[in-house]
Participant: 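Got a structure here, written out as structure tokens. Questions coming.
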Amino acid sequence: METVNKIKTKLKANKKAAIISAAAFLLVATVTFGFIGGGSEATLITVKRGMVEEEVLATGKTHAQSEVDLGFERGGKVATISARVGSRVSTGQRLVTLEQADVLADLGKARASLNQALIELASARQTSPSSFDSVYQTHAANIRDAFVKADDAVRNGVDSFFTNPRSFNANFDPVIKDGNSIYYSGISQSIRSEISYERVAIEKLLNDWKIAQASLGKGEDLGAAFSLARNNLSTIGSFLDKIASAINSIESVQFAYNTTVQGYKDNVSTARGKINTALSNILTSKEKVDTAPAKIGSSYDDILIEEAKVESLRADVSSQEAELAKTVIFSPIAGVVTKLEAERGEIVSASEAVISVISDKNLQVEADVSEVNIGKVAVGNEVEMTFDAFAGETHKGKVFYIDPGETIIDGVPTYKVSVAFSDPVTVKIKSGLTANLNIITQKKEDVVKIPLYAVEREDGGAFVTIRDVEGVEKRREVTLGLSGSDGSIEIVSGLVEGEEIVVNL
């Protein structure tokens with residue numbers, strides 16, 4: 001009986017403890033979560049400033065930026081193979097070569113024929129110290145210069161002895177002036193009249209000669225231009241001779257004027273020298289034209305024939321050199337050989353893929369982005385990439401290309417996005433690896449932000465509940481901005497940093 005009473009007493013004590021424990025649990029739950037029997041707790045969140053990033057997630061694979069299948073432009077037997085599958089090659093490295101004996105023989109013949117033609121051309125050109133074109137152009141230049149020298153000799157040389165030298169009233173009247181005194185030269189009136197008359201004729205000669213120079217050197221026969229220049233120089237030379245004779249007859253009025261008279265004589269001498277030089281030049285160049293191969297004649301034609309033969313044989317040599325180049329495959333990129341479809345001694349056909357090279361150091365990642373998100377992605381977006389093969393590693397990159405045309409995958413339009421690595425690519429990252437991409441499409445720093453779940457939407461607007469410093473809760477409308485991939489959202493207006501908002505969880 002005593003034992004039974006002890007058991008009852010113990011049960012009563014345990015029941016009391018259980019009731020106390022249950023009451024304590026309810027109290028803690030009320031304080032912590034703010035509910036009893038299903039009620040919600042009000043949580044305070046302080047508005048902060050920070051960065052908001054928008055991301056687009058995608059999955060892709062690594063690809064080589066350059067991958068080429070190479071073959072020969074002509075068929076033949078494989079002579080040498082300088083690389084095997086797995087070999088690393090550099091840009092321009094020789095990979096495979098065909099037998100070249102027949103091509104080298106044809107190239108040697110072409111070069112020999114070209115050398116023979118060059119010797120024959122040189123021999124033909126030795127018939128004259130200079131080509132017809134050269135002496136022709138020199139002769140034309142001398143005829144043109146003859147007019148310049150004649151014009152200068154008359155208009156800038158002896159016209160100082162005339163009054164109105166370029167008109168019909170030209171008057172040869174060299175005098176010496178000293179203050180108000182004039183000393184006449186003593187030249188007879190008849191001589192002065194004759195020279196004055198000739199000066200009018202020389203003016204017309206110079207004007208007509210200038211017009212005749214217009215087409216000089218444009219391919220016409222220089223015979224007429226040469227004859228005109230020679231006759232005009234002779235006429236002007238005779239005219240200057242008469243002036244020289246008249247000037248030399250001047251007697252000095254006083255010893256003090258000897259210098260002036262000598263200056264007159266020097267002017268005439270210089271003018272006559274220019275005419276003599278011009279005449280000598282055209283006569284010399286005319287002689288060279290006559291002794292050079294005729295423009296229409298056998299010797300000049302022979303030169304043209306030899307020049308044409310040389311150009312034809314040069315083309316043959318270039319053609320054979322091009323054929324020789326077709327017997328060698330060079331690597332256009334640096335990378336690794338991934339395929340070799342030929343063996344030494346094997347006959348291969350033109351355009352048949354013989355060897356493939358992939359650029360393993362210039363990898364890129366290609367991923368398909370759905371039409372829902374492609375509008376957010378732009379060239380230049382930063383990308384964070386992880387690889388299934390290398391857990392825990394993150395690589396940086398940038399979008400450098402977006403395919404303008406869609407690709408249909410499972411009935412959904414997608415767009416191919418290409419990403420280049422920003423950091424060095426290690427050798428363990430190979431073509432064909434699966435890559436997980438976080439494309440950072442937008443980023444805003446130092447903006448007001450709150451958790452997205454703190455925003456209530458109603459009637460097209462966005463609202464939050466704030467608690468002021470006095471503990472009073474108020475509802476306030478806010479303007480939303482960029483949504484972040486971490487669950488935060490930018491508040492453009494309606495909140496400031498440090499305010500507290502109430503969230504009912």
Side-chain angles (χ1 to χ4, degrees), residues 129-174 185 187 191-192 194-250 260-292:
S130 59
S131 70
F132 180 86
D133 283 344
S134 176
V135 296
Y136 175 89
Q137 295 300 333
T138 299
H139 189 42
N142 286 339
I143 293 174
R144 192 178 297 107
D145 185 61
F147 167 78
V148 174
K149 283 183 167 57
D151 182 84
D152 183 54
V154 174
R155 291 172 172 167
N156 295 325
V158 297
D159 270 0
S160 58
F161 304 136
F162 292 82
T163 57
N164 303 316
R166 299 189 186 185
S167 69
F168 290 103
N169 296 320
N171 182 33
F172 177 66
D173 191 21
S185 59
I187 301 172
I191 293 177
R192 287 193 287 118
E194 181 181 355
I195 293 176
S196 298
Y197 176 79
E198 288 193 16
R199 177 62 186 89
V200 174
I202 292 296
E203 183 66 19
K204 184 177 185 306
L205 178 150
L206 290 174
N207 290 334
D208 292 343
W209 193 5
K210 181 178 181 180
I211 295 173
Q213 299 288 303
S215 61
L216 184 62
K218 294 185 178 180
E220 82 288 356
D221 183 5
L222 293 179
F226 167 75
S227 298
L228 177 64
R230 181 181 57 185
N231 293 338
N232 287 345
L233 289 174
S234 177
T235 300
I236 294 174
S238 298
F239 171 67
L240 295 179
D241 288 343
K242 291 180 180 180
I243 293 178
S245 177
I247 294 298
N248 289 332
S249 68
I250 296 176
T260 301
V261 174
Q262 187 59 47
Y264 290 172
K265 294 179 180 179
D266 290 343
N267 285 348
V268 177
S269 178
T270 299
R272 296 172 73 190
K274 291 177 181 179
I275 298 301
N276 291 333
T277 298
L279 184 59
S280 175
N281 288 344
I282 65 172
L283 290 173
T284 301
S285 59
K286 176 64 167 58
E287 182 180 359
K288 290 184 178 181
V289 169
D290 292 340
T291 58

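Remember, it's a predicted structure, so these values are computed and weren't measured experimentally.
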Participant: With side chain to side chain contact (heavy atoms under 4.5 Å, CB included) as the test, would you mind laying out the steps for K288 and T138 before giving the verdict?
Facilitator: CA-CA 9 Å; K288 290 184 178 181; T138 299; over 6 Å; no

Participant: Is there a side-chain contact between F168 and E203 in this structure, where contact means two heavy atoms from C-beta onward sitting under 4.5 Å apart?
Facilitator: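 Not touching, per the 4.5 Å side-chain cut-off.
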
Participant: Kindly compute the distance separating CG (D159) from CZ (R166), expressed to the nearest 0.5 Å.
Facilitator: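 It is 6.5 Å, given to the nearest 0.5 Å.
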
Participant: Before giving the answer on side chain to side chain contact (heavy atoms under 4.5 Å, CB included), spell out for D145 and K149 the whole-Å C-alpha distance, their side-chain angles and the decisive distance to 0.1 Å.
Facilitator: CA-CA 6 Å; D145 185 61; K149 283 183 167 57; 2.4 Å; yes

Participant: Find the distance between CZ (R155) and CD1 (I202) and round it off to the nearest 0.5 Å.
Facilitator: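 Rounded to the nearest 0.5 Å, the CZ-CD1 separation comes to 10.5 Å.
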
Participant: Has the side chain of T284 got a donor or acceptor atom that lies under 3.5 Å from a matching backbone atom of S280?
Facilitator: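 Confirmed, T284 side chain pairs with S280 backbone.
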
Participant: Using 30° and 60° as the class limits, which term best fits the ring planes of W209 and F147: parallel, tilted or perpendicular?
Facilitator: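 Plane angle over 60°, so perpendicular.
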
Participant: Compare every heavy atom of S167 with every heavy atom of V200, then report the nearest pair and how far apart it is.
Facilitator: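 V200 and S167 have their closest heavy atoms at CG2-O, 3.6 Å.
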
Participant: Looking at every non-hydrogen atom in both residues, tell me the closest pair between L233 and A150 and how far apart they are.
Facilitator: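 Answer, listing the atom of L233 first, then A150: CD2-CB, 4.1 Å.
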
Participant: Aromatic rings F162 and F172: how do their planes relate, parallel, tilted or perpendicular, breaks at 30° and 60°?
Facilitator: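 Plane angle between 30° and 60°, so tilted.
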
Participant: Which value, rounded to the nearest 0.5 Å, describes the distance between R192 atom CZ and N171 atom CG?
Facilitator: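 With rounding to 0.5 Å, CZ (R192) is 6.5 Å from CG (N171).
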
Participant: Under 4.0 Å between a Lys/Arg side-chain N and an Asp/Glu carboxylate O for K210 and D151?
Facilitator: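 Salt bridge between K210 and D151, a charged N being under 4.0 Å from a carboxylate O: no.
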
Participant: Quick one: does R144's side chain have a donor or acceptor within less than 3.5 Å of a partner on Q213's backbone?
Facilitator: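 Pair absent, no side-chain N/O of R144 close to backbone of Q213.
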
Participant: Would you name the heavy atoms of I282 and A146 that are closest together and state the gap between them?
Facilitator: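 Residues I282 and A146, closest heavy atoms: CG2-CB, 4.2 Å.
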
Participant: Is the side chain of S285 donor-acceptor paired with the backbone N or O of N281 at a distance under 3.5 Å, no angle test?
Facilitator: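 Present.
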
Participant: Any side-chain heavy-atom pair from V154 and L206 closer than 4.5 angstrom?
Facilitator: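 In contact.
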
Participant: At their closest point, which heavy atom of F161 faces which heavy atom of N267, and how far apart are they?
Facilitator: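 Scanning both residues, the minimum pair turns out to be CZ-CB, 4.3 Å.
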
Participant: CD1 of I275 to OG of S234: how many Å apart, nearest 0.5 Å?
Facilitator: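 So the CD1 of I275 and the OG of S234 are separated by 10.5 Å.
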
Participant: Minimum heavy-atom separation for A170 and S196, please, with both atom names.
Facilitator: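 Answer, listing the atom of A170 first, then S196: O-CB, 3.3 Å.
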
Participant: Judged by atom type as modelled, is there a donor-acceptor pair below 3.5 Å linking the side chain of N248 to the main-chain atoms of A244?
Facilitator: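 Pair found, side chain donor or acceptor close to backbone of A244.
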
Participant: If you compare all heavy atoms of L240 against all heavy atoms of V268, which two are closest, and at what distance to 0.1 Å?
Facilitator: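 Shortest heavy-atom contact: O-CG1, 3.9 Å.
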
Participant: First locate atom CG of L205, then atom CG of N231, and finally report the distance between them rounded to the nearest 0.5 Å.
Facilitator: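 Nearest 0.5 Å value for the CG-CG distance: 9.5 Å.
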
Participant: Could you check whether any side-chain N or O of S269 sits under 3.5 Å from a backbone N or O of K265, counting only pairs where one atom can act as donor and the other as acceptor?
Facilitator: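 Here the side-chain-to-backbone pair does not exist.
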
Participant: Could you give the distance from NZ (K286) to NE2 (H139), rounded to the nearest 0.5 Å?
Facilitator: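 The NE2 atom of H139 is 6.0 Å from NZ of K286, to the nearest 0.5 Å.
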
